[in-house]
Visitor: 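This is the structure I want to talk about, given as structure tokens.
Since we're looking at a predicted model, the values are computed, not measured.
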Amino acid sequence: MVQIFNSLTGRKEALEPIEPGVVRMYVCGDTVYDFCHIGHARSKVAFDIVRRYLEYRGLRVVFVRNITDIDDKIIKRAAENGEPVETLTARFIQAMHEDYDRLGILRPDHEPRATQHIPGIIAMIGALIDKGLAYVAENGDVMYSVSKFPGYGRLSGKRLSDLRAGARVDVDEAKRDPLDFVLWKRAKPGEPHWPSPWGEGRPGWHIECSAMSYDILGPRFDIHGGGLDLKFPHHENEIAQSCGAGHEFARIWMHNGFVNVDDEKMSKSLGNFFRIRDVIGEPGASGPQVVRDPEVLRFFLASSHYRGPINYSLEQIEQADAALLRLYTALRDTPAAEPTTGAAPASDAAAQFAAAMDDDFNTPEALAVLQGLATELNRAKAAGDGARSARLAGELRHLGGVLGLLQQPPEQFLRKQRRQPQAAASHRESAAQDAAPAPSLSEAEIEALVAERAAARKAKNFQESDRIRDVLARAGIQLEDKPDGTTYWRRT
RNA sequence: GGCUAGGUGGCAGAGUGGUCAUGCAGCGGCCUGCAAAGCCGCGUACAGCGGUUCGAUUCCGCUCCUAGCCUCCA
């Protein structure tokens, strides 16, 4: 039984899908006016793992993740760039897909965009006005009247009076209550606009998620997810809108914690953020940036529980690299056969893995199970037990796959270059640590040197073979001699 | 100020009312021509002070500290 921490109740609750066997979930996506940063990656990876695990448990998941492609920031950025809004958003949607694909984040079943759901948005605003929950303000904007919705503040645990007391200045004159928020915004000259009963304009930010989740998933669904920073006001407002319109809306609310840098929240406004491609490199570029493979970033993100904070640093990334290296090293020289499926009895490891993941997606514990499996696999390999090795390797790959990990050939992963010094230098904590760049060798050059060394070893010329090993070591190549006389190589 | 999460060994990071997380780093051993990888073993970790308990890192209270939200933000 999958237990999920529900932000709405503050408790872990059993997931009991509305329609047995089917989980409908909606996750808040990105506003596409810039490249995605690793905070976005954390949220997307977290919910990707939720989805993969639920599917592993035999549930069908209908996964919706929206794209906000119209809003103030987009309009502002497009104006700054002197380009049409659609050009800007198309570019960053493509970049987003590139980044997420490389992180192994599965594409959602539905990826609705605000601009494609204007009719649904208008319909919902109309319903809210009819119910007396929204009003047309003097400036022509349509506002949600927060005080008319009794449950307001339930999700974020806030009271209206507290919120008002803490409200910052610059209260919009058009609002009857400082906490009221915009549903439909009157277009200013030159801004994108759509016709509506309240004049030419565009949707406010919060309404799109209410309208799109309704259009695609209907009046009630199982899980709604997003970053902790969306809890208030965004999700609070979504609830006010959807429930105000008479829908049951989401049953379980999930919020992922922040990515911190130097123990401070990473955010655009603080300017302390790393873009995904600062870490995993530009798509199609030859070398890596900070990590040898995007999978390292994914592993790092999975190595702490999704609800807590995670502190990004080069040291953490290197620990993730080392841990992942151990897994792939264990997988080396094991058959890549498909895991046993069907009637195979569930193993201890699979049971432990499921117990960890059932408990609110405890990925660190699940990862510990994978490490235990690697130890067993190493033992079996050392004992020459081929059948057991194959079974354990298959299981390791299979369970790793549930987390979106361990799906590439081990040698391919192990031979990737770990990082380029100049790129790491952009990470301030490491700027001073990078010595002279290591000369990088092509695979052919490496193979040639390895062959040369093998000949020297065969002739018992250990002085020469050690010399070659040193040359390779300085180029970041680590050798491992196998008992049969052949040699592995990987990049450190 | 109001509200909410936390404080676990050198570094990360799970978890539990009473033998074991896990990874990295470190130490010892095995293996190896030497290494590397791997395997085996090792470390009086649970912020502080009280309380409940036969027994608390785990439950309760207080104190100190940290982060987040209350404003756009994954």
Visitor: Taking the six-membered ring for Trp, is the centroid-to-centroid distance between A/F249 and A/H224 below 6.0 Å?
Guide: yes
Visitor: For B/A25 and B/C31, measure between their P atoms and round to the nearest Å.
Guide: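 Their P atoms lie roughly 23 Å apart.
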Visitor: Given side chain to side chain donor-acceptor pair (under 3.5 Å), test A/T487 with A/E480 step by step and report yes or no.
Guide: CA-CA 6 Å; A/T487 299; A/E480 290 175 36; over 6 Å; no
Visitor: State which of B/A74, B/G2, B/C39 makes the closest approach to the side chain of A/R379.
Guide: B/C39
Visitor: With Watson-Crick and G-U wobble geometry limited to distances under 3.5 Å, how should the secondary structure of RNA chain B be encoded in dot-bracket form, using | for bases paired to another strand and [ ] for crossing pairs?
Guide: (((((((..(((.....[...))).(((((.......)))))....(((((..]....))))))))))))....
Visitor: Calculate the interatomic distance between A/W253 atom CH2 and B/A74 atom P; express it in whole Å.
Guide: 15 Å
Visitor: Between B/G13 and B/G23, how far apart are the C1' atoms? Round to whole Å, please.
Guide: 9 Å
Visitor: Suppose you measure atom P in B/A74 against the same atom in B/U4; what distance do you get, rounded to whole Å?
Guide: 25 Å
Visitor: Please tell me which of the listed nucleotides, B/G15, B/A36, B/C40, lies nearest to the side chain of A/D359?
Guide: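 Nearest listed nucleotide: B/G15.
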Visitor: Considering only NZ, NE, NH1 and NH2 on the basic side and carboxylate oxygens on the acidic side, decide whether A/K12 and A/D359 come within less than 4.0 Å.
Guide: yes
Visitor: Rounded to whole angstrom units, what separation is found between the CZ atom of A/R77 and the C1' atom of B/C72?
Guide: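 The distance from CZ of A/R77 to C1' of B/C72 comes to 13 Å, rounded to the nearest Å.
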Visitor: Using a heavy-atom cut-off of 4.0 Å across all strands, would you classify A/Y488 as base, sugar-phosphate, or nothing?
Guide: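 No contact.
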Visitor: Which nucleotide, B/A74, B/G15, B/G13, lies nearest any side-chain atom of A/V259?
Guide: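 In terms of side-chain proximity for A/V259, the closest of B/A74, B/G15, B/G13 is B/A74.
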Visitor: Taking the nucleotide of RNA chain B with the nearest heavy atom to each, does A/H305 or A/A382 sit closer to the 5' end?
Guide: A/H305
Visitor: Would you please test A/H398 and A/Y56 for ring pair (Phe, Tyr, Trp, His ring centres under 6.0 Å) and show each step?
Guide: CA-CA 10 Å; A/H398 185 53; A/Y56 168 73; 5.8 Å; yes
Visitor: Rounded to the nearest angstrom, tell me the gap between atom CG in A/L314 and atom C1' in B/C11.
Guide: 14 Å
Visitor: Give me the distance, rounded to whole Å, that separates B/C60 from B/C27 when you measure between the C1' atoms they each carry.
Guide: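 Nearest-Å result for B/C60 against B/C27 at atom C1': 41 Å.
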Visitor: Pairs in or reaching into residues 95-104 of chain A: which pass salt bridge (Lys or Arg N to Asp or Glu O under 4.0 Å), with residues at least two apart or in two chains?
Guide: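 Sorted pair list: A/E98-A/R277, A/D99-A/R277, A/D101-A/R107.
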Visitor: Base, sugar-phosphate or nothing for A/G227? Non-hydrogen atoms, less than 4.0 Å.
Guide: sugar-phosphate
Visitor: Taking B/U57 as the reference, what is the distance to B/G17 when you measure between their P atoms (whole Å, please)?
Guide: 13 Å
Visitor: Base, sugar-phosphate, or nothing for A/N378, non-hydrogen atoms under 4.0 angstrom?
Guide: sugar-phosphate
Visitor: Between A/T31 and A/S156, which is nearer to the 5' end of RNA chain B once each is assigned its nearest nucleotide?
Guide: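 Nearest nucleotide further toward 5': that of A/S156.
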Visitor: Using 4.0 Å as the upper bound for N to carboxylate O, is an ion pair formed by A/R202 and A/D71?
Guide: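 Looking at A/D71 and A/R202, the cut-off is not met.
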Visitor: Can you confirm if the aromatic rings of A/H206 and A/H235 lie within a centre distance of less than 6.0 Å?
Guide: no
Visitor: Below 6.0 angstrom between ring centroids: does that apply to A/F92 and A/F35?
Guide: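 Between A/F35 and A/F92, which both carry aromatic rings, the centre distance is below 6.0 Å.
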Visitor: Parallel, tilted or perpendicular: which describes the rings of A/F149 and A/Y144, with under 30° parallel and over 60° perpendicular?
Guide: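 Ring orientation of A/F149 relative to A/Y144: perpendicular.
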Visitor: On a whole-Å scale, what distance lies between the P atoms belonging to B/U22 and B/A14?
Guide: 15 Å
Visitor: At 4.0 Å (heavy atoms only), tell me whether A/K381 reaches a base, stays on the sugar-phosphate, or touches nothing.
Guide: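 No contact at all - A/K381 keeps every heavy atom at 4.0 Å or more from the nucleic acid.
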Visitor: Could you tell me how far B/G26 sits from B/A37 if I compare only their P atoms? Round to whole Å.
Guide: 10 Å
Visitor: Taking B/G55 as the reference, what is the distance to B/G18 when you measure between their P atoms (whole Å, please)?
Guide: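 Comparing P positions in B/G18 and B/G55 gives a spacing of 14 Å.
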Visitor: How does each nucleotide of nucleotides 20-35 of chain B score, in 5' to 3' order, for protein heavy atoms under 4.0 Å: base (B), sugar-phosphate only (S), or none (-)?
Guide: -BSBS--------BBB
Visitor: Could you tell me whether a side-chain N or O of A/D141 sits under 3.5 Å from a main-chain N or O of A/A137, the two making a donor and an acceptor?
Guide: no
Visitor: So is A/R11 actually on top of A/F5's ring, under 6.0 Å and inside 45° of the axis?
Guide: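 Cation-pi check for A/R11 and A/F5: fails.
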Visitor: B/C70, B/A14, B/G2: which one has an atom nearest the side-chain heavy atoms of A/S304?
Guide: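 My answer, after comparing the listed nucleotides, is B/A14.
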Visitor: May I ask you to say what A/S267 touches in the nucleic acid, namely base, sugar-phosphate or nothing, with a heavy-atom cut-off under 4.0 Å?
Guide: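 Contact class for A/S267: base.
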